[in-house]
Amino acid sequence: MKIDRLTGILNVLADTDKITIKELANRFEVTTRTIKRDLNTLNCAGIPIVPYPGHGGGVGILKGYKLDKNILSTSDIKQIFTGLNALKSIDSDNSITNLIAKLIPEKEAIAFSKSEYAIDFSAWFPNDITAKKMSDLHKAITDQHCIRIEYISTDSRIDRIIEPYKLVFKQSNWYLYAFCRKRKGFRLFKINRIASYGVLEETFQVQPIEKIEMLQNSEADIFNPKDKTTLFEIVLEYDKADEFDLTYKIDACFLKRSIKKPDNKGQIRFKVSDLNWAADFVFSILDKVKIISPVELKAAVEQKLNKIHFFYKGDI
């Protein structure tokens, strides 16, 4: 919006002696012609914009009209920039660029250099289907439009009409937090389990929500159940050559190199309460690890292998 850009330009000018029109255009991602019109608008509104011609010139605000903007500390600025820059990675709306310009007095490159974190939510692949979902769902949230989804649950595909509230990023996955009309309650829907969706013309009245319940069924208790006696100790063996590939699924801290064996073998050890979850997880890296214990896990994985063998029996 123009008013956001005007406010952003005013804040930039209030924190610099002078800046070129080209720099302003780059910062707000518009043309130099647009910046010139904006400066004229500010001038007409009573803001004394002063041109500095010649080499090293630019534009600025008349001395004595400067605003004191020492409201945010250096730490505040770094944290605000980090958060806004992360949103910018998944939202192409210029409003975020304008907001950064309003709140962060220095150039983005300088603010980025000072920040300890760089958060990028965008996909590795430019045509990622999740990015399209995110864009459509975000617009539905903003416009308060209901969505009809086909969702893949644990045992079936379900059709639901939902009222979308928030996009939630947790660990390594995106979720949609929405009110499910059929269940008459709020639910978390994993984005990549939404098989199809359609934004409806129907709108909804937003309900106030204080927090989001992040626990997904019993998954949160897999590693830390109330009853510790239900824990299974999983022991896996791996080869040194597979360490790099394993870090796509396992934190490197779990990869313990054995010093007792001369054959460059290592072990992965962890405890879980859900053996089915462990079997699914181990199966995803089965070509990289060998199950040492427990025997129940070996049996569960063997059952999965037999199922695969049945699928392809006679085809190979």
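- Screening R183, R187, R181 for a salt bridge (charged side-chain N to carboxylate O under 4.0 Å, His left out) involving E163 leaves a single residue, R181.
- Here the straight-line distance linking atom CD1 of I292 with atom CZ of R269 works out to 9.0 Å at 0.5 Å rounding.
- For the pair S273 and F232, the tightest heavy-atom approach, listed with the atom from each and the gap, is O-CE1, 3.9 Å.
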What verdict does the side chain to side chain contact (heavy atoms under 4.5 Å, CB included) test give for L188 and L176, after you've listed the backbone C-alpha separation in whole Å, the side-chain angles of each residue and the deciding distance to 0.1 Å? CA-CA 6 Å; L188 273 176; L176 176 64; over 6 Å; no
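- Atom CD1 of I21 is separated from atom CZ of R33 by 12.5 Å, given to the nearest 0.5 angstrom.
- Under the 4.5 Å side-chain heavy-atom criterion for Ile, Leu, Val, Met, Phe, Trp and Tyr, V235 and I291 are members of distinct hydrophobic clusters.
- Pairing each heavy atom of K190 with each of Y151, the nearest pair is N-OH, 2.9 Å.
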When you look at R157 and E150, which way does the salt bridge (Lys or Arg N to Asp or Glu O under 4.0 Å) test go after all the steps? CA-CA 6 Å; R157 285 189 179 221; E150 182 185 16; 3.1 Å; yes
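- Between K88 and E29 there is a salt bridge, since a side-chain N of the basic residue sits under 4.0 Å from a carboxylate O of the acidic one.
- Ring orientation note: the planes of F169 and F121 are tilted relative to one another, at an angle of 30° to 60°.
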Per-pair distances, 0.1 Å, donor-acceptor, side chain in residues 133-148, under 3.5 Å, sequence neighbours excluded:
residue, atom, partner, partner atom, Å
K133, NZ, I191, O, 2.8
K133, NZ, I194, O, 2.7
D136, OD1, K132, NZ, 3.3
D136, OD2, K132, NZ, 2.6
D136, OD2, Y197, OH, 2.6
K139, NZ, D143, OD2, 2.7
T142, OG1, H138, O, 3.0
H145, ND1, L200, O, 2.8
H145, ND1, E201, O, 3.2

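- Closest approach of I234 and A278 over heavy atoms only: CD1-CB, 4.2 Å.
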Step by step, would you call L236 with Q267 a side chain to side chain contact (heavy atoms under 4.5 Å, CB included)? CA-CA 6 Å; L236 311 173; Q267 282 194 343; over 6 Å; no
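- Under 4.0 Å is where a charged nitrogen must lie from a carboxylate oxygen, and between K304 and D280 at least one such pair does.
- At a threshold of 4.5 Å between non-hydrogen side-chain atoms, the residues L42 and L6 count as touching.
- For Q303, the CD atom sits in a loose shell: 12 or fewer heavy atoms of surrounding residues, nucleotides or ligands are nearer than 6.0 Å.
- In terms of heavy atoms, F189 sits closest to C180 at CZ-CB, 4.3 Å.
- For the pair I9 and F28, the minimum side-chain heavy-atom distance is below 4.5 Å.
- The distance from the CD1 atom of I268 to the CD1 atom of I285 is 5.0 Å, given to the nearest 0.5 Å.
- Listed for the T31 side chain is a donor-acceptor partner under 3.5 Å among the backbone atoms of T34.
- A donor-acceptor pair is defined here as one N or O able to donate and one able to accept, closer than 3.5 Å; such a pair exists between the side chain of S115 and the backbone of Y117.
- In the hydrophobic clustering of this structure, L286 groups with I308; members are Ile, Leu, Val, Met, Phe, Trp, Tyr whose side-chain heavy atoms approach within less than 4.5 Å, directly or through other members.
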One pair to check against side chain to side chain contact (heavy atoms under 4.5 Å, CB included): L305 and F283. What are the steps and the verdict? CA-CA 9 Å; L305 288 170; F283 206 80; 3.8 Å; yes
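- Between L39 and I49, the shortest heavy-atom distance links the atoms O-CG1, 3.9 Å.
- Side-chain rings of Y177 and Y165 stay apart, their centers remaining 6.0 Å or farther from each other.
- Cluster annotation: I161 and F204 are assigned to distinct hydrophobic clusters (Ile/Leu/Val/Met/Phe/Trp/Tyr, side-chain heavy-atom contacts under 4.5 Å, transitive).
- A donor atom on one side chain and an acceptor atom on the other are found under 3.5 Å apart for E243 and Y238.
- Of the charged side-chain nitrogens involved, none lies within less than 4.0 Å of a carboxylate oxygen, so that E233 and K271 do not count as a salt-bridged pair.
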Taking it one step at a time, do V59 and L24 satisfy side chain to side chain contact (heavy atoms under 4.5 Å, CB included)? CA-CA 10 Å; V59 293; L24 285 171; 4.2 Å; yes
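- What you find for L275 and P294 is that their closest heavy atoms are CD1-CG, 4.4 Å.
- V295 and V272 fall into different hydrophobic clusters, where Ile, Leu, Val, Met, Phe, Trp and Tyr are joined by side-chain heavy atoms under 4.5 Å apart, directly or via other members.
- If you take NZ on K78 and OG1 on T82, they are separated by 8.5 Å, rounding to the nearest 0.5 Å.
- For the 3.5 Å distance criterion, the side chains of T20 and E23 qualify, holding a donor opposite an acceptor.
- Annotation: the span from I61 atom CD1 to I19 atom CD1 amounts to 11.5 Å, rounded to 0.5 Å.
- Annotation: the span from I35 atom CD1 to K22 atom NZ amounts to 13.5 Å, rounded to 0.5 Å.
- Linking ILVMFWY side-chain heavy atoms closer than 4.5 Å, directly or via other members, places Y175 and I212 in a single hydrophobic cluster.
- Ring planes of F281 and W277: parallel class, angle under 30° (limits at 30 and 60°).
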